[in-house]
Amino acid sequence: MDDLQQRPMYTTPPLAPLPTIPTHPPGIVTTPAPGSTPFPATSLPPLHPPGVTVADDSFMAEADGAQDTTAPAPKSPVRNVLVRRANEEPAAEYEASEESRKAKERQEQAIQQIMLNRRAKALAVPTNDAIVRSRLRSLDQPITLFGEREMERRERLRALMAQLDANGELDRFLASTHAFGAALAEDIAAKEEERMEEVQTAPFFTEGPPALLQTRIDIMKYSLSRAASRIMRMKQKRENPDEDEDAELDYVLERMSNISMNCSQIGDDRPLSSCAFSPDGDILATSGWSGVTKLWAVDTMERTITLRGHTERVTSVVFSPTNKNLATASADRTAILWGLDGSCLKKFEGHLDRLARLAFHPSGAYLGTASFDKTWRLWDVNTGIELLLQEGHSRSVYGIAFQCDGSLVATGGLDALARVWDLRTGRSILALEGHVKPVSLYW
């Protein structure tokens, strides 16, 4: 206890007061806390731009957080200064360059052209060429230009009507031409109806030579006997209880399943276009783009004869059903009848375009050819004269085939249409529609 009394007493020095940061702008006198150094009045940066006089204490009250929140917020002096300067100083003006002006003009012209094309697509333009010509005449425009076709003339009228629509004059123009167009359309419809009546009442035919008449008689006699024998065989087959069509079909399918490739041979230097077997099956004929036809022995596949006579590619080759003569068709617009010894027996000329296919009549006395001149023709094999020139396809005739009796012939064309003709009367008895591409047929 005495020791404690003898020890010196230590006292804690007083703490310096914390400095306070004034929240008032310069010019406002505040009383510093005791023992602290006053904050210099010039050390704080100004809270508003120089030259701006604050008229009241609302700005300081906002900085101190003492402003009443229910009172409306005062306007900031900085915003007032910006508004004042915007009113006092005019905005800077920039002048566009010549290139910029031209680019803007091109853009505006492109937009106008796009809008004009859009209006033109939406316009209803007449499809009748006579009405199109009358409307062009009413617009003081030439009704036709050099080399201009119907569709081009219609598009020219569409462009003119689109321009009138852009100028707001289209309704007036249509009102002025409506009555005339309606009268013209009625007149055209009446003339078309009269023309159709004349076509229906007046039969169209081309008088043939006497040889064609005799040919039709011969074909009728030949086909009637063939048809009678065919019908008799079919009746006997139907009435025969031993006939089993399913068994025959199974037999054929079994034989077909055993078929395999016997050999392979290069037929020509250029692509081959057609091939055909002789009636006895001993000879194979091939034709190609080189313009030659080659005969091959089936058992040895050796070339026996080369037939040369066409100047263009050979498109088809067929054997006669009655003898071993054969015929070829070519792009040189001719067909040639050949003997097995390589001799040229007959040459059939008359087509105006290249030949596509040819076929022998079942009697072997006539030859049919199909050509790209939109016709097919019937020839006498013995004399070489043209018996019949038949039209009926809107595009090139690509295929031809005779019925087994010899009374009918079928033709197929690039117009996606197949027609069946009666050789005894010369009439088209059936039109087979449904294809959308060229028709090639076999009978």
Side-chain angles (χ1 to χ4, degrees), residues 208-209 211-237 252 274-285 287 293 295 315-329 335-340 345-346 348 351 355-371 375-390 392 397-413 418-430 432 439-443:
L212 177 60
L213 177 60
Q214 186 61 40
T215 298
R216 296 194 188 281
I217 295 174
D218 295 341
I219 290 177
M220 180 187 63
K221 294 179 180 180
Y222 177 83
S223 63
L224 286 176
S225 60
R226 297 262 296 188
S229 60
R230 176 175 58 85
I231 294 173
M232 184 179 298
R233 290 195 306 270
M234 294 182 65
K235 286 183 178 180
Q236 292 176 356
K237 184 176 180 180
V252 172
S274 179
C275 66
F277 284 98
S278 61
D280 55 9
D282 296 336
I283 303 174
L284 173 66
S287 61
T293 302
L295 304 182
T315 57
S316 181
V317 58
V318 291
F319 276 93
S320 172
T322 57
N323 51 48
K324 290 191 176 182
N325 295 337
L326 70 153
T328 57
I336 298 179
L337 180 67
W338 306 88
L340 292 182
L345 303 179
K346 290 288 187 301
F348 307 96
H351 279 287
L355 274 65
R357 295 289 184 269
L358 78 168
F360 273 100
H361 188 267
S363 65
Y366 310 104
L367 182 69
T369 56
S371 172
T375 67
W376 67 271
R377 308 192 185 201
L378 188 67
W379 309 82
D380 191 326
V381 173
N382 298 321
T383 61
I385 64 173
E386 177 186 305
L387 299 173
L388 174 65
L389 186 157
Q390 184 64 59
V397 184
Y398 190 74
I400 184 170
F402 289 93
Q403 189 241 4
C404 60
D405 296 338
S407 60
L408 305 177
V409 61
T411 57
R419 286 187 177 275
V420 180
W421 309 82
D422 191 343
L423 293 174
R424 299 164 295 185
T425 62
R427 295 178 180 271
S428 173
I429 61 174
L430 182 63
L432 304 176
V439 179
S440 178
L441 49 87
Y442 296 92
W443 204 330

| said: Determine whether Tyr366 and Thr215 satisfy the following criterion, side-chain contact (heavy atoms from CB on, under 4.5 Å), listing intermediate values before the conclusion. | reply: CA-CA 9 Å; Tyr366 310 104; Thr215 298; 3.5 Å; yes
| request: Describe, in one word, how the ring planes of Tyr222 and His361 are oriented to each other, choosing from parallel (under 30°), tilted (30 to 60°) and perpendicular (over 60°). | output: tilted
Can you name the nearest heavy-atom pair linking [X] to [Y], along with the distance?
{"X": "Leu432", "Y": "Leu430", "answer": "CD2-CD2, 3.5 Å"}
{"X": "Ala335", "Y": "Leu355", "answer": "CB-CD2, 4.0 Å"}
{"X": "Cys275", "Y": "Leu284", "answer": "CB-CD1, 4.2 Å"}
{"X": "Ala211", "Y": "Ile385", "answer": "CB-CD1, 4.3 Å"}
{"X": "Ser223", "Y": "Ser407", "answer": "CB-CB, 3.5 Å"}
{"X": "Leu358", "Y": "Ala327", "answer": "CD1-CB, 3.6 Å"}

In Å, rounded to the nearest 0.5 Å, how long is the span from [atom1] of [X] to [atom2] of [Y]?
{"X": "Ile400", "Y": "Arg377", "atom1": "CD1", "atom2": "CZ", "value": "12.0 Å"}
{"X": "Trp338", "Y": "Asn325", "atom1": "CH2", "atom2": "CG", "value": "12.0 Å"}
{"X": "Asp380", "Y": "Leu388", "atom1": "CG", "atom2": "CG", "value": "12.5 Å"}
{"X": "Leu212", "Y": "Ile219", "atom1": "CG", "atom2": "CD1", "value": "8.5 Å"}
{"X": "Glu386", "Y": "Leu367", "atom1": "CD", "atom2": "CG", "value": "12.0 Å"}
{"X": "Thr411", "Y": "Arg357", "atom1": "OG1", "atom2": "CZ", "value": "14.0 Å"}

When you compare the side chain of [Y] with that of [X], does any pair of heavy atoms fall below 4.5 Å?
{"X": "Phe360", "Y": "Leu337", "result": "yes"}
{"X": "Pro362", "Y": "Pro321", "result": "no"}
{"X": "Gln390", "Y": "Leu378", "result": "no"}

Checking the side chain of [X] only, and the main-chain atoms of [Y] only, is there a donor and an acceptor separated by less than 3.5 Å?
{"X": "Ser278", "Y": "Lys324", "result": "no"}
{"X": "Arg226", "Y": "Cys404", "result": "yes"}
{"X": "Arg216", "Y": "Leu423", "result": "yes"}

| request: Test His351 against Thr375 for side-chain contact (heavy atoms from CB on, under 4.5 Å), laying out the working first. | output: CA-CA 8 Å; His351 279 287; Thr375 67; 3.8 Å; yes
| query | Can Asp405 and Leu224 be said to form a side-chain contact (heavy atoms from CB on, under 4.5 Å), step by step? | reply | CA-CA 8 Å; Asp405 296 338; Leu224 286 176; over 6 Å; no
| said: Run Tyr398 and Thr315 through side-chain contact (heavy atoms from CB on, under 4.5 Å) and show every step you take. | reply: CA-CA 11 Å; Tyr398 190 74; Thr315 57; over 6 Å; no
| task | Taking salt bridge (Lys or Arg N to Asp or Glu O under 4.0 Å) as the test, write out the residues that go with Arg419, two or more places apart. | result |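 Testing Arg419 for salt bridge (Lys or Arg N to Asp or Glu O under 4.0 Å), a comparison that skips the adjacent residues, returns none.
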| What residue among Leu441, Leu408, Val409 forms side-chain contact (heavy atoms from CB on, under 4.5 Å) with Val420? | Leu408
